[in-house]
Every structure is written in structure tokens, then in C-alpha cells.
*Asks:* 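Sending over a structure as C-alpha cells; questions will come in a sec.
Below, chains carry the letters A, B, ... as their sequence lines are ordered, and counting in each starts from 1.
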2 protein chains.
Amino acid sequence: MIVETTINETLRKNQLSVTDSRKKILELFLQTQGALAHSDVEKQTGTLFDRVTIYRTLQTFVEKGIIHTIPTADNSVKYALCIDECTEGHHHDNHVHFVCDECNTTFCLTHVQIPSVKLPGGFTGKQTDVIISGICSRCGNQ
Amino acid sequence: MIVETTINETLRKNQLSVTDSRKKILELFLQTQGALAHSDVEKQTGTLFDRVTIYRTLQTFVEKGIIHTIPTADNSVKYALCIDECTEGHHHDNHVHFVCDECNTTFCLTHVQIPSVKLPGGFTGKQTDVIISGICSRCGNQ
DNA sequence: TACAGCTTTGCAACTTTGTTGCAAAATAAA
DNA sequence: TTTATTTTGCAACAAAGTTGCAAAGCTGTA
Ligand SMILES: [Mn+2]
Ligand SMILES: [Mn+2]
Ligand SMILES: [Zn+2]
Ligand SMILES: [Zn+2]
């Protein structure tokens with residue numbers, strides 16, 4: 001099974017011990033198109049793991065640069081796989097995020113660059129987040 | 001007192017009855033540079049109003065187009081006065097938001113336009129939120 | 001100014017989301 | 001296999017947000 005190997009390798013590469021919860025949750029992200037909230041992970045894994053374990057696993061993955069958090073207009077925390085080469089403590093997922101009003105899926109538009117914005121005098125920007133909401137390609141074309 | 005008159009007028013104009021909590025909370029927004037979280041309002045008003053009343057007041061103000069919510073990278077809900085002429089159910093606060101990493105103030109950069117972003121085929125954007133974090137003009141110039 | 005009708009408030013109770021300490025279980029290294 | 005380290009589940013807790021309902025407060029009219 002190629003997926004299982006990938007999962008184990010990813011965990012090893014990030015100096016994480018290979019446990020059931022980490023394998024299962026990472027697998028979930030690899031299988032899912034779009035971002036996942038904590039509650040999504042909880043639903044998908046059923047009673048397999050404790051709520052606290054899911055929190056801790058997500059937190060660990062964020063720290064290691066395996067997943068990144070996504071700010072959303074409704075202020076709920078969502079997570080998605082890092083595609084760029086993020087490393088421990090150093091994320092550089094500089095892409096636009098899209099939330100579909102119809103199916104509520106959150107997409108990482110990895111090929112859409114963050115536009116540069118000219119700020120008023122005195123303001124220095126370090127990080128720019130862009131969240132666009134509307135209709136996604138799946139919901140629009142039908 | 002010109003402020004008191006403004007406050008009452010704003011409430012009246014939005015077909016809201018004039019109550020202590022609404023007056024006080026609206027006054028707070030008028031006096032404050034930057035956005036406020038629910039917890040900020042709670043702290044600033046002390047024991048004057050119940051937590052639930054604050055939630056309901058903020059909600060009402062958002063519905064009426066008096067204040068708008070701001071998505072933030074740390075996924076906490078913030079509110080700020082609408083400067084544009086927003087009406088019941090119709091917000092058009094199309095400006096950039098800035099969060100200072102130093103003083104944690106959230107600013108509405110009302111004069112900075114939202115840049116237009118070219119989306120991949122099939123995606124239709126309706127609303128774009130831009131949140132920039134960095135150092136604000138107050139924290140930078142000293 | 002007083003009153004009736006409608007709106008808002010405070011309280012209680014509850015849900016959801018997230019955090020922490022600690023012993024038991026699982027993993028990794030020897 | 002054994003031991004040292006890490007991770008997990010549980011319990012307990014804190015913070016954030018929601019809902020129903022009776023009491024209190026507002027508004028328009030008399
Ligand atoms: Mn992303
Ligand atoms: Mn704003
Ligand atoms: Zn969709
Ligand atoms: Zn600042």
C-alpha cells in the first residue's frame with residue numbers, strides 16, 4: 001500500500017513517532033479535497049480517538065509544518081495540508097483561500113499568488129491572508 | 001452633548017429602541033480606535049450588562065449594518081464600525097484589515113482598496129477579505 | 001403624564017470549543 | 001526483551017456562544 005508508506009514516511013521525516021491517531025488523521029487529510037475543521041476530523045474518525053488527542057495531533061501537525069491553519073470569514077478554525085515545503089515553525093503557504101458558499105468547502109488555491117497591497121505610511125505588513133468566498137468549480141458547473 | 005445625540009440618532013435611524021446597553025456599546029465603538037472583541041466590550045462595560053445582552057447587541061448591530069465582523073488569522077471574532085453606508089443585511093465594507101503584532105490592535109484601512117484576484121476556471125468570487133498583519137504606525141514610529 | 005403593547009434584558013441552563021494534569025498505554029531505542 | 005521516552009484517554013475545568021422565559025424597560029397614543 002503506497003499511501004500507508006507515504007504516511008509513515010511523512011511522520012518519520014518530521015521526527016514524530018508513528019501512532020494510530022497520527023496515521024489516521026494524516027490519511028484523512030491526504031484523502032480529502034479541501035480543508036478540515038476539528039469537528040470534521042472528529043466526525044470522520046468516530047469514537048476511534050479522544051477529542052483531546054485530535055486537538056493535540058492537529059497542533060503537532062501545525063507545529064511540524066505538515067498542515068496549516070486557514071482564517072475564515074465565519075471565524076472557525078480550518079486546517080489543510082501544506083503543499084509548499086514548510087518546516088518546523090516555518091510556514092510559507094502564501095496562497096489564496098477560497099470558501100464555497102454552496103458546499104462550504106475551503107480550498108487552497110495554491111497557484112493563486114497573494115497580491116501585494118500598498119499600505120498607508122507607517123504600517124509595515126509581514127503577512128497577508130486572502131480569503132475569497134463565492135461558488136466553487138464543482139458547484140458552479142452543473 | 002453632541003456624541004449622545006449622534007448615538008441616539010444612529011439607533012433611531014436603524015429602527016432600534018434606545019436602551020442603555022445599545023447606547024453604551026455604540027459609544028464604546030465611537031470612542032475606540034480599532035476593532036473590539038466581545039471580551040473587550042465585556043471588560044470595558046464592567047458589570048453593567050449581562051454577557052448575553054452584549055452578544056445580542058453586537059449581533060443586532062451587525063444585522064443593522066452599524067458594525068461589521070472582521071476575520072482574523074487567530075480566528076477570534078472582532079467588530080468595527082461600518083464607515084461605508086451599510087444597510088440592514090447589506091454590508092459593503094470592502095477594505096483591507098490590519099492587525100498589529102505588537103499592540104494587537106485591529107485597524108480598518110478604509111482607504112486601501114481590496115485588490116482584485118484572478119481565480120482559476122470555474123471559481124466565481126463574491127467577497128474578498130484581506131487581513132494583513134505586521135507593525136502599525138503607532139508601534140513602528142518610536 | 002399615564003397606560004397598553006411590544007421589545008429588550010437578565011438569569012438559568014445548556015452546548016460547543018478548547019486547555020491542562022496525570023496515570024496508563026504505546027512507541028522507539030538499546 | 002527490556003527500558004526510557006512519548007503519546008493517549010480520562011477527568012476536570014475554562015472560555016465562548018446559544019436558547020427560553022419571566023421581569024423590566026421602551027415607545028407611541030391617549
Ligand atoms: Mn492553504
Ligand atoms: Mn473594517
Ligand atoms: Zn462548492
Ligand atoms: Zn500597534
*Asks:* Measure CG/A:Asn75 against C1'/C:dT16 and give the value in whole Å, please.
*Replies:*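 Between C1' of C:dT16 and CG of A:Asn75: 15 Å.
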*Asks:* With side-chain hydrogen bond (donor to acceptor under 3.5 Å, both in side chains) as the rule and sequence neighbours excluded, what pairs involving residues 112-128 of chain A come up?
*Replies:*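 Qualifying pairs, neighbours excluded: none.
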*Asks:* Which residues pass the ring pair (Phe, Tyr, Trp, His ring centres under 6.0 Å) test with A:Phe107, sequence neighbours left out?
*Replies:*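 With neighbours one apart ignored, the set is B:Phe123.
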*Asks:* Could you list all the salt bridge (Lys or Arg N to Asp or Glu O under 4.0 Å) pairs where at least one residue sits in residues 43-60 of chain A, not counting sequence neighbours?
*Replies:*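 Applying salt bridge (Lys or Arg N to Asp or Glu O under 4.0 Å) to every pair that reaches into residues 43-60 of chain A, excluding sequence neighbours, yields nothing.
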*Asks:* Can you tell if the side chain of A:Cys108 reaches within under 4.5 Å of the side chain of A:His68, non-hydrogen atoms only?
*Replies:*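 Yes - at least one pair of side-chain heavy atoms lies under 4.5 Å apart.
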*Asks:* For A:Glu102, what residues pass the side-chain hydrogen bond (donor to acceptor under 3.5 Å, both in side chains) criterion, not counting sequence neighbours?
*Replies:*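 Once residues adjacent in sequence are excluded, A:Glu102 has no partner under the side-chain hydrogen bond (donor to acceptor under 3.5 Å, both in side chains) criterion.
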*Asks:* Could you state the atom-to-atom distance from CG of A:Leu58 to P of C:dT17 in whole Å?
*Replies:*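 So the CG-P distance, A:Leu58 to C:dT17, works out to 13 Å.
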*Asks:* Polar atoms only, N or O, under 3.5 Å: list the protein pairs with nucleotides 14-17 of chain D and their distances.
*Replies:*
from: D:dG17; atom 1: OP2; to: B:Tyr55; atom 2: OH; distance (Å): 3.0
from: D:dG17; atom 1: N7; to: B:Arg51; atom 2: NH1; distance (Å): 3.2
from: D:dG17; atom 1: N7; to: B:Arg51; atom 2: NH2; distance (Å): 3.1
from: D:dG17; atom 1: O6; to: B:Arg51; atom 2: NH2; distance (Å): 3.1

*Asks:* Given a cutoff of under 4.5 Å between side-chain heavy atoms of I, L, V, M, F, W and Y, with clusters grown through shared members, what are the other residues clustered with A:Val52?
*Replies:*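 Same cluster as A:Val52: nobody, lone residue.
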*Asks:* Does the side chain of B:Phe49 reach to within under 4.5 Å of the side chain of B:Asp20, using non-hydrogen atoms?
*Replies:*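 Yes, close enough: below the 4.5 Å cut-off.
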*Asks:* Which pairs pass ring-ring contact (aromatic ring centres under 6.0 Å, His included) with one or both residues in residues 10-45 of chain B, sequence neighbours excluded?
*Replies:*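 Only B:His38-B:Tyr55 qualify under ring-ring contact (aromatic ring centres under 6.0 Å, His included).
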*Asks:* What residues, two or more places apart in sequence or in another chain, satisfy side-chain hydrogen bond (donor to acceptor under 3.5 Å, both in side chains) together with B:Asp74?
*Replies:*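 B:Asp74 satisfies side-chain hydrogen bond (donor to acceptor under 3.5 Å, both in side chains) with B:Thr72, B:Ser76 only.
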*Asks:* Sequence neighbours excluded, which residues qualify as side-chain hydrogen bond (donor to acceptor under 3.5 Å, both in side chains) partners of B:Lys24?
*Replies:*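 Testing B:Lys24 for side-chain hydrogen bond (donor to acceptor under 3.5 Å, both in side chains), a comparison that skips the adjacent residues, returns none.
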*Asks:* Would you classify B:Leu48 as touching base, sugar-phosphate or nothing, given that sugar-phosphate means primed atoms plus P, OP1 and OP2, and contacts are heavy atoms under 4.0 Å?
*Replies:*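 Result for B:Leu48 = sugar-phosphate.
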*Asks:* If I take atom CD in residue B:Gln15 and atom C1' in nucleotide D:dG28, what distance separates them, rounded to the nearest angstrom?
*Replies:*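 Result: 15 Å.
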*Asks:* Would you give a per-nucleotide map of nucleotides 20-30 of chain C, 5' to 3', where B means the base has a protein non-hydrogen atom under 4.0 Å away, S means only the sugar-phosphate does, and - means neither?
*Replies:* BB-----SS--
*Asks:* What is the distance from CD of A:Gln59 to P of D:dT8, rounded to the nearest Å?
*Replies:*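 It is 12 Å, rounded to the nearest whole Å.
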*Asks:* Round to a whole Å and report the spacing from CZ of B:Arg22 to C1' of C:dT7.
*Replies:*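 After rounding, the gap between these two atoms is 8 Å.
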*Asks:* Run the side-chain contact (heavy atoms from CB on, under 4.5 Å) test against A:Thr106 and tell me which residues pass, sequence neighbours left out.
*Replies:*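 If we apply the side-chain contact (heavy atoms from CB on, under 4.5 Å) test to A:Thr106, skipping adjacent residues, the hits are A:Ala35, A:Ile70, A:Lys78, A:Val99.
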*Asks:* If an axis is fit to five pairs at each end of the helix from C:dT1-D:dA30 to C:dA30-D:dT1, what is the angle between the two, to the nearest 10°?
*Replies:*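 What I find for the helix from C:dT1-D:dA30 to C:dA30-D:dT1 is an axis angle of 30°.
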